[in-house]
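Take a look at the structure set out below.
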2 protein chains.
Amino acid sequence: MAARQPVSEFDLIERYFKRPMPPGVLGPGDDCALLPAVSGQLAVSTDMLVAGRHFFDDIEPRRLGHKALAVNLSDLAAMAAQPVGCVLALALPSADEAWVAAFAEGWYALADRWNCPLVGGDTTRARRDLAITVTVLGQVPAAQALRRDAAREGDDIWVSGCLGAADVALQLAWSLRELPVAGGQSAWPLQRWISGLEPQVREQWWRRTRDALELPEPRIGLGLALRGIARAALDISDGLLQDLGHILAASARGAELRVADLPLGLLEQLPPEAAWQAALGGGDAYELCFTAAPARRAEVLAASRDAGVAVARIGTILEPAAGLRVLDPMGRPLAPWGRGYDHFAEGMP
Amino acid sequence: MAARQPVSEFDLIERYFKRPMPPGVLGPGDDCALLPAVSGQLAVSTDMLVAGRHFFDDIEPRRLGHKALAVNLSDLAAMAAQPVGCVLALALPSADEAWVAAFAEGWYALADRWNCPLVGGDTTRARRDLAITVTVLGQVPAAQALRRDAAREGDDIWVSGCLGAADVALQLAWSLRELPVAGGQSAWPLQRWISGLEPQVREQWWRRTRDALELPEPRIGLGLALRGIARAALDISDGLLQDLGHILAASARGAELRVADLPLGLLEQLPPEAAWQAALGGGDAYELCFTAAPARRAEVLAASRDAGVAVARIGTILEPAAGLRVLDPMGRPLAPWGRGYDHFAEGMP
């Protein structure tokens, strides 16, 4: 059942993905890759991206190559781990040279920036759906990993970058493709805003936000700079409210968020409730959400400057009984749709 | 685009795949798993199995769980690496409790035997095809990994276990499903033998050989026992001739194989040429093929006894100009179809 492949395409992949290895690394071509001994703890994460579920079938391959690696590096960033290498498994329904070259270009532009060599892989011809699995390996000194279970009462809650643009892009892409929104969501602020836009304005907003969706930037440098400063951290893949909920559950704490402090960037131009919906509930952000003691504020800001990544202080960790409260600019609880965001994103049809 | 899943099935997966972690290991639930520092070199391998390509859609899930892990552990075995952990990415078109429970049962029966904890994973709903990516991690003392490029002239060539049964099972499965064989192959000895069998005899042979195809046994124990004894090694996934060819290419050597010495097991009952075809060309064997100096024969046999895995000495590494020769029981070159086997196996339709 050994999947022998038509030679041409898969030779192409080998050609485009074969690069010189760092010293001490045995790369692709043997049964396993071999990496030098890792210092500290070994961090491992795997993510599978499937066509029609995590990306549209017609996504530009250069962007797909970037994103497949970025969402995995983002997991290392959230753990404050330094990348040491990665492996890539591809199931391709077909591939031409231009596709492979572009995928590899997007992949390596990011991999080279963070010194994350591709040390092994597997390529298979898929019957139908393109599927990509990336596994990343990193190292982190013992006890310096930023875990989800380390938040304490009184900690500040911080996020990197800006939130919500990826979700706006996704909702715009759905609307431009005339895909139906899930039941009830057409009444939500972001969907209402989109449905009121002229077609060419939708296109314009798509062009302004698509990079946030398709070219997320893993916050490796910030994660490393936060070692010994932050307590709990994760990357926002499912939406701030849902992901912060994971920190609260793992740490057995509650929290309060202030929408007035959410870093919205471009989305400041949207109706406020539409922007808050995207920032609180939108997935695919790949920004870091982390907590740190108030005494560490100056160090957090210094880490942010060192890494060249903005951070915003958006809330506070509270006692467990507080649950997860979201406050509007007047300090009142945001209700009722504010709490519905964690059921918001659905896989594509 | 975060793939939120119907809760029930994916909660099931979490339930069936959540096990206590070894001391010092942070398992599933955070952005990354954390493993203690690895001693020596870190070995990494990834394999993706896709429905319709690497297994039939109706494979028993318990057997699929075993095989998905086994083919990856086999790569560690071929490198003489000790498993330290693995991650699993699953794209499932659907899943019921019985399926998940059986897949997990097959997986863990093997994982527990080799102390290979599942430290992380990712689950996605596939639009159509079931796809499974496993990445295994292992450790091996520096300079003791069994690489493909280490064979030397005069080395014995050894294989573990018996060869060919998995290929017989695959060809029988195709014939029982009335799938067409590739052009020209119907004249080959194994296909001729199968086409001459009564239906109930085919079924009987399927029952006798299917475990070789669906439940391959990774030779971890043998790989570890061969550290410091064997020179080059790999696992036979694409067929002995093709895989030995990888050793010869990487080592810049030639070789001679004696069909009379091939360990055929059950296949002794087949017409000799049919058995040789399966043993030389059949994929999915997951036995080790390795080389060692003739002076190490006693140590190889002792390693075989320690690991409880038979080994057979089937040939000799020669100078590069010899190419890859296969000798029949009379010592004559096996021709012409003997050399066609490395083009034999094709992915399933």
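No experiment lies behind these values; they were computed from the predicted model shown. Order of the sequence lines fixes the chain letters, A, B, ..., with proteins taken first and strands second; residue numbering starts at 1 for each chain. Note: hydrogens, waters and symmetry copies are ignored here, and every other heavy atom, side chains too, is used.
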Please report the interatomic distance CG(B/Asp122) to CG(A/Asp47), rounded to the nearest 0.5 Å.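 Taking CG in B/Asp122 and CG in A/Asp47, the distance rounds to 4.5 Å.
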OG1/A/Thr133 to CG/B/Leu90 distance, rounded to the nearest 0.5 angstrom?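 Reported to 0.5 Å precision, the distance equals 9.5 Å.
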Within the structure provided, determine whether B/Gln41 and A/Val38 are in side-chain contact (heavy-atom separation under 4.5 Å).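 They are not in contact (no side-chain heavy atoms under 4.5 Å apart), so the answer is no.
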Report yes if some heavy atom in the side chain of B/Leu34 is under 4.5 Å from a heavy atom in the side chain of A/Leu42; otherwise report no.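 No, every pair of side-chain atoms sits at 4.5 Å or beyond.
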Among B/Pro36, B/Gly24, B/Gly40, which has the most heavy-atom pairs under 4.5 Å with chain A? B/Gly40
Note: vs chain A, highest number of non-hydrogen pairs under 4.5 angstrom among B/Ala169, B/Gly121, B/Ala145 is B/Gly121
Under 4.5 Å heavy-atom distance to chain B, tell me which part of A/Ala233 shows up: side chain, backbone, both or neither. backbone
Honestly, the part of A/Leu146 sitting under 4.5 Å from a heavy atom of chain B is backbone
For B/Leu26 and A/Met79 the tightest heavy-atom approach is CD2-CE, 3.6 Å
Using a cut-off of under 4.5 Å for heavy-atom pairs, which of [options] has the most such pairs with chain B?
| options | value |
| --- | --- |
| A/Ala173, A/Gly120, A/Ala91 | A/Ala91 |
| A/Ile247, A/Leu234, A/Asn72 | A/Leu234 |
| A/Val71, A/Val136, A/Asp149, A/Asp129 | A/Asp129 |

For [Y], is there any backbone N or O sitting under 3.5 Å from a side-chain donor or acceptor partner on [X]?
| X | Y | value |
| --- | --- | --- |
| B/Asp30 | A/Arg147 | no |
| B/Ser45 | A/Asp31 | yes |
| B/Arg53 | A/Arg127 | no |
| B/Asp75 | A/Cys32 | no |

By the definition side chain to side chain contact (heavy atoms under 4.5 Å, CB included), identify the one residue from A/Leu137, A/Thr135, A/Val134 that meets it with B/Thr135. A/Thr135
Contact origin within B/Leu88 toward chain A - heavy atom pairs under 4.5 Å: backbone
What part of B/Val140 gets within 4.5 angstrom of chain A, counting heavy atoms only: side chain, backbone, both, or neither? side chain
